[in-house]
Amino acid sequence: MLIFNMNSYAVDFDSSIDASIRKDFNVEENDLPPLPSSVPSSVSEDKITSPSSYNPTGKTYTLKHGTQINLSSQSSISDWQKKGHQISFAAKQGFTSKEGAIIPAGTIFKGTITDSHRPQLTGNGGLIELKIDEIYYNGIMSKIDTKVSLANSKKVFLGNIKGTRSYWKNFSKAMTPGRKVFSATQTCAAVMAPIPIVNIFSVIPLLGGAVVYTVNFVTAPVIAIFTKGGSISLPAGTVFQIKITKDTTIKG
């Protein structure tokens, strides 16, 4: 209150800017220039481009018929995967085109499962039919003709990777009870044979064991029919060998 009652307290406003505006514009009629639609920035933004490891040459190269290429799968493969599932591979080593150009290790290939099934009855194993028909050289996709000749160091016929067929193995397992019974009766007969009077009865357990073994032998084929073969499960990094089936031109 003491400050506000003092005669020396005053505020001096600077009206020079206001006078300048009134001199050039009719403020009462709102004759002011429009505000800019955007505020200019003193910092210019450069266009950012993603770095690329590819360097296309614009040329074409020929992969010669019979060229063998080792590939490493980049994901797991199993007979659970359905028809149409795509799988990527990478070349384990570089290989040479017909013109002498080196296609480097790491070049991407892609394949498709064209058929598959889980292990089936009658001891039939799982199945994967694989077709590798794309190469990505310098980022450019080209179609190629190949056949898979090896999968996990095992030969592949007609592109079919098959699980172990287990019919005869399962037949042998189904015969196990009969073999055990017959073996036990043979032991019993061998114990009874040296004993007088009792030895005449030693043939009885032997015949019984033979009957059980015969019945088991007859039923084992039927039991084996209702058992399944081995499944297919190949982890990422499994090595496949493919062969070029005819001269094929690729871009890169």
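Counting all heavy atoms, side chain and backbone alike, L71 lies closest to K92 at C-CG, 4.1 Å. Between I144 and I135, the closest heavy-atom pair is CG2-CG2, 3.6 Å.
Remark: side-chain polar atoms of S142 are paired, donor with acceptor, to backbone N or O of K251 under 3.5 angstrom. Judged purely by atom type and a 3.5 angstrom limit, T67 has no side-chain atom pairing as donor or acceptor with the backbone of I244.
For the side-chain hydrogen bond (donor to acceptor under 3.5 Å, both in side chains) with D247, the lone residue among K64, K98, H65 that qualifies is K98. Shown are I87, I232, V148, T114; of these, the side chain to side chain contact (heavy atoms under 4.5 Å, CB included) with I128 is made only by I232. No option in I108, L63, I250 other than I250 meets the side chain to side chain contact (heavy atoms under 4.5 Å, CB included) test with Y137.
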K155/L150 under side-chain contact (heavy atoms from CB on, under 4.5 Å): CA gap, chis, key distance, verdict: CA-CA 5 Å; K155 287 189 176 182; L150 291 177; 3.9 Å; yes
Given side-chain contact (heavy atoms from CB on, under 4.5 Å), test F240 with L234 step by step and report yes or no. CA-CA 11 Å; F240 291 77; L234 303 173; 3.8 Å; yes
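In terms of the side chain to side chain donor-acceptor pair (under 3.5 Å) criterion, N216 has no residue partners (sequence neighbours excluded). In this structure, K246 has no side chain to side chain donor-acceptor pair (under 3.5 Å) partners at least two apart in sequence or on a different chain. Partners of K143 according to the salt bridge (charged side-chain N to carboxylate O under 4.0 Å, His left out) rule, which considers only residues two or more places apart in sequence or in another chain, are D133, E134.
Under 4.0 Å is where a charged nitrogen must lie from a carboxylate oxygen, and between R118 and D79 at least one such pair does.
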